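Note sheet for the following structure.
By convention in this document, chain letters (A, B, ...) are assigned in the order of the sequence lines, proteins followed by strands, and residues within each chain are numbered from 1. This is a predicted model, so every value here is computed, not measured.
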Number of protein chains: 2
Amino acid sequence: MKAKNVREKLLDSAQMLISKNGYSAVSMRAIAQAAGANVGSLTYHFGSKANLLREIYLLHTGPMNARRMELLGEALRIDDLDARLVAILRAYVLPAFSMSENGVGGGAEFTRMRAVLTAEGNKDASTIIADTFDETSRSFLRAISGCIPGASLEGLIWCSQFLLGSLYYALINPERVTRLSDGKVDGANRDVAVEQLVQSSFASFKNLTSKEDVSP
Amino acid sequence: MKAKNVREKLLDSAQMLISKNGYSAVSMRAIAQAAGANVGSLTYHFGSKANLLREIYLLHTGPMNARRMELLGEALRIDDLDARLVAILRAYVLPAFSMSENGVGGGAEFTRMRAVLTAEGNKDASTIIADTFDETSRSFLRAISGCIPGASLEGLIWCSQFLLGSLYYALINPERVTRLSDGKVDGANRDVAVEQLVQSSFASFKNLTSKEDVSP
DNA sequence: GTCTATATAGAGATAGAC
DNA sequence: GTCTATCTCTATATAGAC
């Protein structure tokens, strides 16, 4: 835990506030205040609010996709198709929920921020988000497809869409889990969330297996 | 398609704009302009932006939950557990995707707006959203539970969380489906989305069936 | 019931002192 | 590199004409 300079503190505060309240609702003043800095320093370091957002993305996208691809590579070495599929799904989900040691490469807060930005459909954000993650998604789609003989493209695409939606919502609204279970299930427990998500989407994907193709 | 008065037009425009861009990003001016009305008329009819949002909710929540509960009642009359579960899931999903004839009672745009508001975590919104839908969710949870012998509460809660997340994301980001499939799958086709979502979550829920309890 | 005009506050961004 | 001060624009909300 080394001391952070103002620039890093500003990036942290921005990510934290935007992931919680959305991009439009968070003012540069609020970001500066949360970082214990001044408004002027924001424009000095980043020039504009849109560019501040871009810098946050640049900090995470590369490392996060690298982690995903590395875990995917390991998963693809598994022979058993079911075990491989589970490993692939975990490779996709894990980096979205937890960061690497150096504090970049994904994590729940960054993912939650992405979820909020996607929902807002913000112009500043969409140009940045655009296809940053699509290449990785395609690699995972191919890998998943290889585990499910006879699955239709339509089914695969929709299931992967539902996987991402489930992932986002688990981070956006964990309170609902706790509330709906009368406190018996903790929505904020991310290890549990990851496992439940992996199991749930595994079942969905497996369900796509061509029904005619059940020869042993 | 009867002629709409200014008040109704303002409600429509507000819902449309907020569902697309988020609550904070949409100004009262933009809402008034989209409705072909004046800013002053907004405060006259609704008093404040927060209350405008409340009125949109009041217009939909009652009828939408009524439709869901009616469809749920029909589903519960089905004897076969698998067929019943599918019907229950469809009863939950359908009203979120399409309105009743009178133009209220849910629909994709209203649901999308709810998704965006949840993501933004907006204060004005959260007090309104709060527990408006929780009672319905609880009824569905009980009904689903009755179809899956031996399912754990934890599994049921998480699967229902993933269902809602999938539903929201299907409406928030349909472009991703189209883009990821190179145009081969149309993310905007809501009939298909509903069926894919029902099938996918059916498989997830069924997967919760206690493995020990497979006596015929 | 709907408009124009306006009050007040806050936004993003800039210039220049230190 | 970080601050203060300020410019300009836009926000919500209000008051009063029609």
Side-chain angles (χ1 to χ4, degrees), chain A residues 2-59 113 116-117 120-128, chain B residues 2-59 113 116-117 120-128:
Chain A
K2 74 168 178 114
K4 299 200 171 189
N5 59 28
V6 173
R7 190 191 143 92
E8 282 167 341
K9 277 196 215 160
L10 288 170
L11 285 167
D12 280 358
S13 300
Q15 176 174 300
M16 186 262 290
L17 287 171
I18 295 173
S19 75
K20 241 191 251 178
N21 310 311
Y23 180 76
S24 312
V26 173
S27 67
M28 315 241 325
R29 281 170 167 76
I31 295 169
Q33 193 178 359
N38 191 277
V39 211
S41 58
L42 267 171
T43 16
Y44 170 75
H45 282 294
F46 307 105
S48 72
K49 194 182 179 185
N51 200 59
L52 165 62
L53 189 62
R54 165 166 272 116
E55 297 270 357
I56 297 175
Y57 260 80
L58 286 176
L59 197 63
M113 191 191 76
V116 177
L117 291 170
E120 286 186 309
N122 189 286
K123 207 59 179 298
D124 290 348
S126 62
T127 56
I128 300 170
Chain B
K2 74 169 178 114
K4 301 201 170 187
N5 58 30
V6 174
R7 190 193 142 92
E8 282 167 343
K9 277 195 218 161
L10 287 170
L11 285 167
D12 280 358
S13 301
Q15 177 175 299
M16 186 263 289
L17 287 171
I18 294 172
S19 76
K20 242 190 251 177
N21 309 311
Y23 180 76
S24 311
V26 173
S27 68
M28 316 245 319
R29 279 171 167 74
I31 294 169
Q33 192 178 0
N38 192 277
V39 211
S41 58
L42 268 171
T43 14
Y44 170 74
H45 283 295
F46 307 105
S48 72
K49 195 181 179 185
N51 201 60
L52 165 62
L53 188 63
R54 167 165 271 117
E55 297 271 356
I56 297 175
Y57 260 81
L58 286 176
L59 198 63
M113 192 190 75
V116 177
L117 291 170
E120 286 185 309
N122 188 288
K123 208 59 179 297
D124 289 349
S126 61
T127 55
I128 301 169

Exercise for the section: Show the numbers, then the answer: is there a side chain to side chain contact (heavy atoms under 4.5 Å, CB included) between A:Asn5 and A:Glu8? Expected result: CA-CA 6 Å; A:Asn5 59 28; A:Glu8 282 167 341; 3.4 Å; yes
Exercise for the section: Take B:Glu55 and B:Arg7 through the side chain to side chain contact (heavy atoms under 4.5 Å, CB included) test and state the conclusion after the steps. Expected result: CA-CA 11 Å; B:Glu55 297 271 356; B:Arg7 190 193 142 92; 3.1 Å; yes
Exercise for the section: Could you walk me through whether B:Ile18 and B:Val116 pass side chain to side chain contact (heavy atoms under 4.5 Å, CB included), step by step? Expected result: CA-CA 8 Å; B:Ile18 294 172; B:Val116 177; 5.6 Å; no
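Distance A:Leu42 CG to C:dG10 P: 18 Å, rounded to the nearest Å. In this structure, A:Leu52 places its CG atom 14 Å from C1' of C:dA13, rounding to the nearest Å. Separating the CG atom of B:Leu17 from the P atom of D:dA11 is a distance of 12 Å, rounded to the nearest angstrom. When the P atom of D:dA11 is taken as reference, atom CG of B:Asn21 falls 13 Å away, rounded to whole Å. One can place CD of A:Gln33 at 13 Å from P of C:dG12, the figure rounded to the nearest angstrom. Atom CZ of B:Phe46 is separated from atom P of D:dA13 by 13 Å (rounded to the nearest Å). Taking atom CG of residue A:Leu10 and atom C1' of nucleotide C:dA13, one finds them 15 Å apart after rounding to whole Å. Distance A:Asn51 CG to C:dG12 P: 15 Å, rounded to the nearest Å.
Using a 4.5 Å cut-off on side-chain heavy atoms (C-beta onward), A:Val39 and A:Ile31 make no contact. Considering only heavy atoms from C-beta on, A:Leu10 stays 4.5 Å or farther from A:Tyr44 through its side chain. For the pair A:Leu53 and A:Met113, the minimum side-chain heavy-atom distance is below 4.5 Å.
Between A:Ser27 and C:dA11 there is a side-chain polar atom (N or O) within less than 4.0 angstrom of OP1 or OP2.
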Practice task
Report, as a single string ordered 5' to 3', how protein heavy atoms within less than 4.0 Å touch nucleotides 3-9 of chain D: B base, S sugar-phosphate only, - not at all.
Solution key: BB-----
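Set against C:dT2, D:dA13, C:dA13, the side chain of B:Lys49 has D:dA13 as its closest nucleotide.
Between A:Met28 and B:Arg7, the one whose closest nucleotide on DNA chain C sits nearer the 5' end is B:Arg7.
Put simply, the side chain of B:Ser126 gets close to the backbone of B:Lys123: a donor and an acceptor are under 3.5 Å apart.
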